[in-house]
Every structure is written in C-alpha cells, then in structure tokens.
Amino acid sequence: MPPLAAGLLQVGILFAALAVAYRPLGDHMARVYTAKGHLGLERAVYRFARIDPEAEQKWSTYAYGVLGFSFVGIVFLYIVQRLQSLLPFDFDRGNVGPGMAFNTAISFVANTNWQSYVPEVVMGHAVQMIGLTVQNFVSAAVGLAVAVALVRGFVRHQTDRLGNFWVDLTRGTVRILLPIAFIGAVVLVALGVTMSLESGVDVDGQVVANAPVASQEVIKAFGTNGGGVLNANSAHPFENPNEWTNLVEVFLILVVPVALTRTFGRLVGTAKQGHVLLGVMGVIWSAMLAVIWAAEANGVRPLEGKELRFGIPGSAIFADATTGTSTGAVNSLHDSYTGLGGGAAMLNMLFGEMTPGGVGTGLYGILVMAVIAMFLAGLMVGRTPEYLGKKLGRREVTAAAVSILAMPTVLLVGAGIAAVLPGTPAALNNPGEHGLSEILYAYASASNNNGSAFAGITATSDWFQSSLGLCMLFGRFVPMIAVLALAGSLAAQKKVPVTAGTLPTTGPLFATLLTGAIVLVAALTFVPALALGPIAEALL
Amino acid sequence: MTATLRKPAPRQDKTPAEPGIAAALPEAVRKLHPRHQLRSPVMVVVWAGSALVTVFAVTGPSVFTIAVAAWLWSTVLFANLAEAVAEGRGKAQAESLRRTKEDAVARLASGDVVPGTELKIGDLVVVEAGEVIPGDGDVVEGIATVDESAITGESAPVIRESGGDRCAVTGGTTVLSDRIVVRITTRPGESFVDRMIALVEGAERQKTPNEIALTILLSTLTIIFLLAVVALQPFAIYSGGEQSVVVLTALLVCLIPTTIGALLSAIGIAGMDRLVRRNVLATSGKAVEAAGDIDTLLLDKTGTITWGNRHATEFIPVGTTSHETLVAAARLASLADDTPEGRSILELAGGEPADEHEKTGEFVPFTAQTRMSGIDLDGRVVRKGAASAFELTDPAREVVDGISAQGGTPLVVAENGRVLGVVRLSDVVKPGMKERFAELRAMGIRTVMVTGDNPLTAKAIAAEAGVDDFLAEAKPEDKMALIRKEQEGGRLVAMTGDGTNDAPALAQADVGVAMNTGTSAAKEAGNMVDLDSDPTKLIEIVEIGKQLLITRGALTTFSVANDLAKYFAILPAMFAAIYPALDRLNVMHLATPQSAILSAVIFNALVIVALIPLALRGVRYRPSSASALLRRNLLIYGLGGVVTPFAGIWLIDLFVRLIPGIG
C-alpha cells in the first residue's frame with residue numbers, strides 16, 4: 001500500500017474508533033462525577049483517609065486539596081528515588097541523584113513525564129511501579145478533577161461549593177482510569193507489548209532491557225503522561241512493536257481528552273456545547289497533522305529519526321497526537337524533523353495544550369480560552385460578556401488571564417536565560433537556529449506539561465534539571481489554581497437566561513472565534529522566538 | 001392629564017460648537033506628565049518606552065533613534081489628544097449645563113437671604129415670578145408656570161404645583177408667574193446636573209465594570225508582549241544578532257494594544273457625552289453600561305406605546321340625529337381645535353378644512369371651566385366636550401358609559417344645547433412602535449407593556465403594538481413584583497417612571513429612567529433622568545449602552561489584529577541580517593530595516609489619530625441579532641485590522657525611505 005493511502009487509512013480507523021468511544025466514554029465520565037453513591041473500594045479509601053465524601057468544598061479548599069496532594073506526591077517520589085537502593089527490583093541501579101530526582105518527581109506529579117534520565121539504566125521496577133506509575137494515574141485524575149470542578153462552576157449557580165476533590169480524585173482513578181488501563185494493558189500484551197519483572201531479556205545472546213511495559217504503556221498514553229519505561233519510548237519495539245500497537249497508543253492518547261467534550265456537553269446540558277469544542281480541537285489538530293505529515297514527506301531526509309515500522313504517516317500521526325495532547329511519548333526523533341514539521345509539533349504545545357490537550361487540562365485549557373474569546377465577543381455585540389450563562393467580569397477575566405499568562409511566562413524566562421548561559425551550546429546537538437529550536441522545544445515541553453523531548457538537548461545539568469522542573473511545576477499548578485478560582489467565581493453567580501441577545505456558542509461563528517483566539521494568542525506570543533528557530537529553519 | 005404629550009423640541013440650539021483637535025492640543029501636551037498615564041497600564045509602558053528611547057537618542061543621537069523617540073512620544077501625545085478632545089466636548093456640554101445653575105440667591109421662608117450654594121436639604125425657599133429657582137426640590141405650596149428651557153431646551157413653560165406628580169422643580173429654571181415655596185431636596189453641588197457635569201468632564205469618571213475587566217485583559221496582553229520582547233534579546237544574542245534597546249522598545253510599543261489603550265478613556269467620556277446630547281442625565285457610567293445589558297423593558301402604555309385616548313375612531317349619533325348631522329357638527333366644532341383629538345376628529349370626518357364662510361364663525365377655545373370647545377356660526381352654537389360638561393339623558397348616557405367601559409374616552413357633541421351624539425376617542429398605538437419592538441426583540445430585549453386597562457383591552461393593544469407581554473390592571477406594587485420576578489430569573493430590567501409611587505420600582509430596576517416632569521422622589525430613585533420626558537428614549541439609551549461596549553470591543557480586536565502586519569514588518573528587519581531567509585517575510589518590501597521599524601511605529605501612532613473620530617462617534621450600531629453583530633464586527637475590525645496595517649505601513653515606508661540616514 002502506498003504511504004499516503006496507508007496513512008489515510010490509519011487516520012480513518014483512528015477517527016472511527018474515537019467516534020465509537022466518544023459517547024459511551026463521555027457519558028460514563030459524566031455519570032462518574034455526578035453519581036450519588038460510592039463503590040465499596042471508594043468507601044474503604046474514604047474511611048482509611050478519614051474523608052467525608054458528602055462534604056463539598058469551596059474553590060480554595062479544593063485548590064488546597066490539589067496542591068497538598070501533589071506536594072505530598074512530589075516529596076514521596078523524590079524520597080523513593082533517592083532511596084532506590086533500599087527497594088526491591090532495583091537491579092543495583094543505585095540511588096537517583098538529587099537534581100534528577102527533583103526534576104523527575106515534579107515531572108510525574110505534574111503529568112509531564114519529562115525524562116532527563118535513561119529509564120532502563122536509572123530506574124528500577126519498584127520506583128516505576130509504586131512511584132512513577134501511581135503518579136501516572138493520580139496526576140491524570142487530578143487533571144480530570146480540576147476540569148470537572150470548572151464545569152461545575154458553569155453548571156451550578158449561587159453556591160460556593162464545587163464538589164469534593166478527594167471524591168473526584170478517587171472516582172476518576174477507580175472508575176475511569178483503572179478499569180480502562182486494565183483492559184488496554186491486556187490488549188497491548190495481546191498485540192505484542194512486553195510485560196516482565198526481569199531487568200532484561202536475552203535476544204540472540206544480547207541482553208535487551210525489559211520491564212513491566214504493557215501495564216505502564218497503557219496509562220502512559222491513556223493518562224496523557226508520556227513517560228516511557230524504556231528510553232526509546234514508543235519507538236522501542238517492546239513498547240510499540242507494530243502499526244497496530246502504534247494506532248492503539250494514538251487512540252489511547254486522544255480518547256479521554258476527546259470524550260471529555262462529550263462529558264462537558266452532558267454536564268452543561270447541551271451536547272452541542274461539547275461538539276463545538278471538539279470541532280475546534282479537531283480542526284487545529286488535523287491542520288497540524290497535515291503540516292507535519294506534508295513537511296516530513298517532503299523533507300530532505302524524510303525517514304531520518306523515524307521507525308521504518310511506522311513510516312512517515314505513522315510517525316506524523318503519533319507526533320501530532322503526542323504534542324497536541326500533553327502526552328509527550330514519542331515514536332520518532334522530533335529533533336530530526338524538518339524545520340516546519342518540528343516547528344508544527346512545537347506549535348502544538350505552544351497553543352497551550354488544548355487541541356485536544358491533556359486529560360482534564362485540555363478541557364479546562366480550552367474553556368479558559370473560550371472565556372477570553374467570549375469576553376471580547378461579548379463586548380463586540382454590546383452586552384456584558386457572558387459564556388454558558390455566566391457573566392465574565394473582572395474576577396473571571398483576571399483568573400483566565402493568570403491561567404493563560406503562566407505558561408508563556410515560565411517558558412520565555414526559562415528559555416531566555418538558557419539561551420545565553422555559557423554551558424548551553426555544549427548541551428545542544430546543533431548550533432544555530434536548530435539549536436535554538438532545541439532549547440525552545442525543551443521549555444515548551446516542560447512549561448506545557450507535555451514532556452516530549454526534541455531529544456537534541458542533554459538536560460542533565462543542574463540548571464536544566466532545576467529550571468525545567470520549576471517550569472513544569474508553575475506551568476501545571478498556577479493555571480490549576482487560577483482555573484479553580486475561576487470556577488469559584490462562576491459558581492457564585494446567578495445564571496443569566498438565554499435570550500435572543502445571547503451570543504450562541506454552539507455554531508460555526510463561535511468555533512471560528514475560538515480557533516482564531518487560540519491560534520492568535522500563541523502566534524502573537526511566540527512568533528518572535530520562533531522566527532529565530534523553526535521559522536528561520538523552515539524558510540532556508 | 002392632557003398636557004403630557006408635547007413632543008420634545010429639538011435641541012440643536014443647545015449643542016455646543018465642536019472643539020476641534022487643534023484646540024485640544026495644549027491639554028494633550030499638559031497630559032504628558034506621567035501622572036496622567038497611570039489610568040492605563042498600556043500607556044504607562046509606552047511612556048516608559050518613550051523615555052527610555054529618548055535617553056538613547058540623547059546619548060547616541062542618530063536620525064533613526066531620534067525619529068523613533070519622536071514618534072513614540074507622539075503615540076503618547078495622540079492618546080492624550082483623544083482624551084482631551086473627548087473631554088473638551090464634554091466640557092462644552094458641561095458648560096451649557098452649568099449655565100443653567102448660575103449662582104442664585106435663595107430667599108428662605110424664614111425671610112433670610114442666603115447664597116444658593118449654602119442651601120441645606122429641607123430648606124424652604126420662596127421663589128416668585130422672574131426669579132431663578134436656587135436648587136432642586138419639590139413645590140410644597142402654590143402653583144406657578146416655570147421656564148425650564150435652560151435644562152430641557154423646551155421653550156413652552158410648564159406648570160409646577162404642590163402635591164401630585166408635578167411638584168418637582170430643577171435648580172436653574174425660572175419661575176414665570178405666581179409664587180411657590182420649594183423644599184430643597186439635594187445638597188448644592190450634588191444635584192443631578194452637578195453629577196452629570198462631573199461625569200461629562202471626565203474628572204470624576206470612574207471606570208465601569210466592563211472597562212475594568214477590559215483593562216485587565218489589555219494589561220495581560222501587555223505583559224505577554226513585554227515577555228516576548230524581553231525574551232527575544234537573549235534569543236537574538238544566542239543567534240548572534242544582539243538588538244538595540246531602541247529597536248526592541250519600538251517592537252514592544254507596536255505590539256502592545258496601544259490603539260485601544262489610547263482611546264479607551266475617550267470612548268467612555270464620549271459615551272456619556274452622547275447621552276447628554278440626547279438630553280439624558282445619568283448618575284454613573286455603570287448605569288449606561290447596564291443599559292446595554294437590559295433583557296426586559298417595562299413600558300407604560302399611555303404616552304409611551306400609545307397616544308392615549310386621543311384618536312377619534314367612531315361617530316355614534318343618539319336619538320333621532322342622523323350620522324351625517326353628527327359628523328358635520330363634530331367637524332364644525334373641531335375646525336379650530338389644534339389638539340390631537342381635534343385633528344383626529346377632523347380627519348375622521350373627511351378632513352375638509354374650513355371654507356371662507358366657516359372662517360367667519362367665532363371659535364370658542366377649550367377652558368378648564370367650560371371643559372368644551374366649539375364654534376358659533378350663523379346662530380348655531382356647536383360644542384364638543386367632556387361628558388361631564390353636559391347634562392346627559394338616557395340614550396346618550398348609555399353610549400357614554402359604554403365607551404368608558406371599553407376603555408375609550410367619550411366626547412359629546414351638542415348643538416344649541418341639544419346632544420347630537422358621541423365621538424369615540426380610542427387608544428391608538430403610535431406609528432413605528434411595532435418595528436421598534438421587533439428591533440428590540442432582535443437585540444434580545446423583551447418588552448412588557450404596563451397598563452391600568454382591563455386585561456381584554458390590554459391584550460388587544462399589546463397585540464397591536466407587538467409587545468411580548470403585558471401587565472394589565474397594574475398597580476405600582478404589581479410593577480415592583482414584576483421587576484423582582486424578572487430579576488430573580490437573572491434578567492436585567494429597565495423602566496421609566498415619573499410618579500412618586502414609581503420611585504420604589506425605579507430604584508429596584510437595573511436601569512430606571514425618571515422623567516424630568518416627574519417628582520423629585522422619582523428622579524432620586526432612578527439612575528437616569530430624561531430631560532425631554534420622552535419614555536421611548538429608553539430605547540435610545542439601550543443603544544448608547546451597547547454602542548459603548550461595541551466600540552471598546554471592536555477597537556480591541558482591531559488593535560490586536562494589527563500586530564500580525566507589524567511582525568511582518570519588524571521581524572525581518574531585525575533578523576534578516578542573521579538569517580537572510582527571513583527577508584522572505586518582508587512581504588511589504590520595506591526599504592531598509594530602519595525604515596521598516598520606523599514605518600511600523602509611525603503607523604501605530606497615526607492609527608490612533610485616525611480612529612479618534614470613531615472613538616468619539618462610536619461604532620455604528622444597528623439592532624440585530626448577536627451573531628449578525630459579531631460577524632459584522634469581526635469582519636470589519638478583525639479582518640480589517642489584519643489588512644489595514646499592511647497597506648498603511650507600506651504607504652508610510654514610501655515616504656520614510658526618503659529620509660536621509662534611514663532609507
């Protein structure tokens with residue numbers, strides 16, 4: 001089959017599979033966060049942690065929950081890495097160094113999975129399983145919880161209660177992530193992904209590193225985490241052996257962020273409100289896929305850095321999926337992409353991870369952008385701006401602005417300093433504009449909690465470990481706090497009735513507006529920097 | 001209540017001469033002081049940037065640096081200019097308002113004479129014919145004709161009397177006849193006029209909620225661009241093409257939303273100004289903004305939607321009188337009657353004007369004593385008048401009662417004391433109302449007609465006028481309850497009122513427009529006063545409120561959309577030396593890096609001046625659906641904002657390139 005046809009077939013299968021999963025998964029998630037009763041396992045968790053699952057929280061209490069839980073997660077991850085030698089299945093890999101442990105702890109708690117380490121050399125199975133993988137689940141559940149809290153802000157009125165963080169966290173993990181991860185892992189094993197507690201496997205007399213791959217692979221994709229148990233990530237034949245597993249992984253990466261728009265539509269009472277967000281996500285994602293694909297197909301060395309198993313379409317689809325969500329898994333070397341193709345992957349992150357974005361983070365990201373877009377649109381139709389029946393005033397715009405400002409701030413400050421540090425050129429694979437792309441990509445990846453590597457940068461110096469760590473931390477939690485504050489002030493409002501004067505947010509006009517806002521904000525913020533990196537490279 | 005229906009006189013005479021841009025220039029220069037920029041974070045950055053570049057222009061002068069510094073200062077100056085022009089127009093308005101309250105001397109009831117400025121609330125003041133009323137208040141004793149033309153521009157005097165709904169008097173108006181005692185209800189300097197003067201002058205102008213939210217958004221954009229430009233320097237150093245502070249500052253000023261930042265306060269002042277021009281005084285900008293958000297409009301039926309019972313619709317003869325006889329008599333009696341009733345009778349009777357013979361008759365005008373009018377001609381005494389003015393016997397009485405019961409007004413016609421019949425005066429909907437309500441509906445505003453009529457009559461008129469709903473047999477409490485109910489559903493309600501019993505509802509409504517003819521209580525309770533006492537003005541107020549927001553939104557969009565072209569102008573200019581490939585982005589073929597950057601800066605400054613008229617006038621607003629409005633404004637100000645600077649910068653560069661040392 002010619003590559004173009006094969007690629008289109010893959011895209012067709014992917015879209016069809018997403019379409020099939022859209023309603024059942026979306027509706028399931030909507031039920032999970034609105035159900036009254038608790039499962040036995042959940043009750044046990046609440047009893048053990050002394051949580052009153054019926055007590056609802058204010059936005060600030062909810063935010064303390066998010067921050068406290070994440071902080072404890074970071075401390076725990078840091079300690080288990082530092083004390084790895086005391087744990088089983090450590091294969092004498094030793095304790096992880098402080099800079100790397102700091103960076104990795106934040107990385108996994110922030111759902112970023114930026115990996116400054118080589119897994120099969122640094123991490124044993126115990127740290128993987130009780131540390132990193134646990135965070136792969138719960139950090140995704142935290143993202144879902146914050147998104148649901150924001151949606152409750154739109155749905156509820158005249159209340160200061162946004163739900164219970166601990167209940168949302170537990171339910172997301174128990175009812176959404178765990179069951180699907182279990183099924184997904186079985187499917188992946190059946191398709192050839194490995195699963196072993198051994199440190200390696202003998203292949204024709206050569207020991208090749210191995211791990212419990214399938215169980216981690218599924219949540220790596222499904223929770224938009226992206227951190228591989230093997231260094232080559234989804235380019236490794238144990239993680240991603242063939243086109244089918246490749247497609248399954250892409251499906252798993254996209255399915256929750258996509259289906260969340262259905263959940264959103266269900267919760268706000270109009271499915272169309274979700275469809276329009278999905279439409280915007282889909283249009284931008286597809287456009288970026290076209291750019292990456294075309295750029296790579298017409299590159300000078302089109303297959304450089306790509307697996308022959310997947311070819312150009314399989315690599316482009318994966319690259320678009322992993323950067324368009326905040327996943328960051330890779331099945332090819334983005335550093336080897338053309339200026340345009342690599343730049344498009346970078347731009348995908350610079351949109352702020354909302355096309356369709358990470359688990360939960362994508363939904364609240366695009367809703368924050370919708371708030372900004374509707375503010376401007378509201379002014380342009382001569383009414384106090386509103387979205388989904390809530391007025392957008394000083395408090396709402398402030399919260400949305402803080403949420404949007406966080407990412408460019410840490411990204412540009414970090415990358416700016418890195419660009420002029422004396423040690424930087426030595427850490428880069430390439431000089432000149434491609435080198436700047438490598439710097440920008442690293443900070444875009446960290447600040448957007450993507451975690452994918454351009455792989456042209458050796459980010460193990462103290463500067464990179466700490467600065468990228470802080471980018472991940474602030475890039476994750478500043479928007480989360482702002483989003484919860486936004487949810488709080490929305491929930492406190494009365495609901496504005498829909499009249500003929502209300503600007504409809506279900507049609508193509510709103511979709512165009514939102515698409516324009518997403519593209520314009522990213523373009524205006526990053527074009528100067530991109531001009532010296534990918535744009536200069538692409539125009540050569 | 002037959003005197004409420006005068007049409008407001010056009011107020012061209014009161015519209016002040018337009019102070020031009022040149023007149024505002026000195027004030028604009030004075031505002032260059034940094035203290036004046038603090039209101040706008042965007043302009044603070046421009047000011048600081050201008051100062052920074054000036055330092056470089058002084059320490060290392062070059063044509064380019066000096067030119068950039070000059071144009072950056074011009075950007076600040078033009079922003080000041082916009083504000084100064086708006087304030088100048090406001091000041092002219094304020095001046096004409098202030099003329100109404102020349103310091104009057106107040107004669108207290110106790111006999112003391114004090115300056116008008118020292119009056120206290122509750123003081124009783126005696127005002128006699130020829131004297132100026134020293135402050136806002138209520139007539140507590142007497143009746144007088146008052147010339148209110150200073151405030152309303154209406155030359156016909158009005159009657160003000162103690163008690164009832166016509167007791168309010170405004171400071172600065174003149175008593176023409178008789179003597180009244182006025183109880184002062186507002187402190188000097190705090191009257192409606194005083195507050196309005198402060199608002200239009202811009203001195204005490206507080207930012208409205210939407211303006212604050214927009215300022216936050218503009219600040220956010222400014223921070224983003226500040227970051228993008230500051231971070232560009234290390235990237236440029238890494239790439240081997242360190243940039244000068246002058247160039248980076250120029251880039252920054254071009255990118256931050258200076259257009260809207262510069263025009264924002266002018267837009268606000270001009271919005272208030274537009275309101276004053278329509279003879280509406282508002283207590284705050286917030287109220288004007290709220291007017292744009294109105295969901296429900298409560299309109300009194302009589303006087304607002306209909307003319308009242310003033311149109312003849314039927315001739316009903318009584319007894320043996322033929323229809324023709326009655327029509328002829330009614331026509332005769334109305335020949336000289338210039339009231340709407342008289343004209344409508346004439347019209348219904350065929351419209352034939354008086355012939356030469358008829359003109360010889362003696363016309364008898366209406367007086368309060370006789371309550372009838374008519375003509376004496378050839379010994380015939382033909383009269384028409386209120387039913388109570390005649391002694392009616394049974395067939396006529398029945399007809400009269402029947403008309404009254406149906407909500408109409410009967411007018412009896414008699415000749416030589418013999419009742420010929422009755423003319424039915426009905427409530428007729430004013431022309432064009434249906435269309436206005438349809439427009440309001442398109443804007444998403446629901447209209448509710450409030451009337452004392454019975455539900456049946458109310459329903460018929462509601463259907464004819466095309467209102468969405470009606471409240472029949474309405475008492476003041478019902479009006480209040482309706483407002484509460486609407487507000488509980490999250491709707492914003494606007495209403496007009498004039499009576500004291502309207503005051504609670506006016507206070508409860510989100511936008512309460514009191515008629516100037518109304519009581520002080522009503523005026524205090526509302527947040528606007530219409531000097532023309534024209535209840536349909538509410539519709540215009542809504543439009544002004546919307547226009548205010550639209551102008552801000554449209555110019556913000558325009559401002560941000562402009563940035564795309566500026567990138568195409570400036571980025572190649574900055575970096576084509578390092579990466580020649582970037583010169584392919586120089587789609588405007590600007591001559592040199594210096595000319596490109598300078599042209600962008602000049603465009604950025606000139607566009608402010610070009611948009612001052614739009615900011616003052618407001619973006620054109622036509623009532624239509626929200627989607628249609630957004631589509632239109634996105635197209636004009638979004639797409640237009642993308643395209644315009646490409647042409648503008650290209651054009652400016654054609655001149656700039658001729659400057660030695662730059663081209």
Side-chain angles (χ1 to χ4, degrees), chain A residues 372 375-385 389 392-394 396-398 401 404-405 408-409 412-413 415-420 424 432-433 435-436 439-440 494-497 499-504 507 509 512-513 516 520-521 523-529 531-533 535-536 539-540, chain B residues 209-210 212-214 216-217 220 223-225 227-239 255 289 292-293 295 441-446 489-491 545-547 549-550 552-554 556-557 560 563 567 571 575 578-579 581-582 584-585 621 625-627 629-631 633-634 637-638:
Chain A
I372 295 288
F375 178 76
L376 213 50
L379 290 184
M380 274 195 283
V381 302
R383 278 166 71 99
T384 292
L392 309 175
R394 183 177 55 82
E396 291 75 20
V397 171
T398 308
I404 285 181
L405 267 179
T409 306
L412 289 169
V413 169
I417 297 174
V420 287
T424 300
E433 65 272 31
L436 188 66
I439 299 173
L440 285 172
K494 279 186 192 169
K495 204 153 182 78
V496 182
T499 69
T502 310
L503 194 59
L509 186 62
T512 311
L513 180 78
L520 205 66
V521 167
L524 293 181
T525 315
F526 296 111
V527 155
L532 293 173
I535 297 178
L539 287 174
L540 280 180
Chain B
N210 280 320
I212 293 172
L214 179 58
I216 291 168
L217 185 68
T220 308
I223 296 171
I224 286 183
F225 288 123
L227 275 165
V229 171
V230 170
L232 188 55
Q233 181 71 315
F235 298 148
I237 293 172
Y238 166 90
S239 309
L255 294 180
E289 215 168 63
D293 289 346
D295 298 296
R441 202 166 301 118
M443 288 153 67
I445 298 172
R446 215 166 62 92
R491 294 186 176 83
K546 285 192 178 294
Q547 204 185 21
L549 293 194
I550 294 175
R552 287 193 200 126
T556 305
T557 308
V560 176
D563 283 355
Y567 273 141
L571 289 178
F575 298 120
I578 326 172
Y579 300 117
L582 285 177
R584 282 161 64 184
L585 296 179
Y621 172 71
S625 75
S627 294
L629 268 176
L630 179 63
R631 199 172 300 121
N633 289 327
L634 271 182
Y637 298 98

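Lettering of chains follows the sequences in order, A, B, ..., and the numbering in each one begins at 1. In this text the structure is predicted, and so the values were computed from the model without any measurement.
- Comparing A:T499, A:L539, A:V413 by how many heavy-atom pairs each has under 4.5 Å with chain B, the most go to A:L539.
- Neither the backbone nor the side chain of B:R446 comes within contact range of chain A; no heavy atoms are under 4.5 Å apart.
- Neither the backbone nor the side chain of B:V229 has a heavy atom closer than 4.5 Å to any heavy atom of chain A.
- Under the 3.5 Å distance criterion, the side-chain polar atoms of B:Y238 are left unmatched by any main-chain donor or acceptor of A:L532.
- Note that OG1 of A:T384 is 9.0 Å distant from NZ of B:K546, once rounded to the nearest 0.5 Å.
- In this structure, chain B has a heavy atom under 4.5 Å from the backbone of A:A523, while its side chain stays farther away.
- With a threshold of 4.5 angstrom between heavy atoms, B:R584 approaches chain A through side-chain atoms but not through N, CA, C or O.
- Chosen from B:I445, B:I212, B:L232, the residue pairing most often with chain A at heavy-atom distances under 4.5 Å is B:L232.
- Residue A:T424: no heavy atom, backbone or side chain, is found under 4.5 Å from chain B.
- Listed by chain and residue number, A:M374, A:A377, A:V381, B:A626, B:S627, B:L630 satisfy the side-chain contact (heavy atoms from CB on, under 4.5 Å) test with A:L503 (two or more places apart in sequence, or in another chain).
- Ranked by heavy-atom pairs under 4.5 Å with chain B, the first of A:R394, A:M380, A:E396 is A:M380.
- Using a 4.5 Å cut-off between heavy atoms, A:L509 contacts chain B through its side chain alone, with no backbone atom that close.
- Although no hydrogens or angles enter the test, the distance criterion places no donor-acceptor pair under 3.5 Å between the side chain of B:Y567 and the main chain of A:P528.
- Note: A:L436 leads A:L436, A:T525, A:V420, A:L513 in heavy-atom pairs under 4.5 Å with chain B.
- No other option in B:D293, B:N633, B:L629 has as many heavy-atom pairs under 4.5 Å with chain A as B:D293.
- Of the listed residues (A:V496, A:I372, A:T398, A:I404), the one with the most heavy-atom contacts under 4.5 Å to chain B is A:T398.
- Of the residues considered (B:F575, B:Y637, B:Y621), B:F575 shows the highest number of contacts with chain A, using heavy-atom pairs under 4.5 Å.
- Put simply, the side chain of B:L585 reaches to within 4.5 Å of the side chain of A:I535, judged on heavy atoms.
- Of the listed residues (A:G507, A:G435, A:P408, A:P385), the greatest number of heavy-atom pairs within a distance under 4.5 Å of chain B belongs to A:G435.
- Proximity to chain A is limited to the side chain of B:I237, based on heavy atoms less than 4.5 angstrom apart.
- Per-residue counts of heavy-atom pairs under 4.5 Å with chain A were compared for B:V560, B:L217, B:V230; the largest is that of B:L217.
- The structure places CG of B:N210 at 6.0 Å from CZ of A:F375, a figure rounded to the nearest 0.5 Å.
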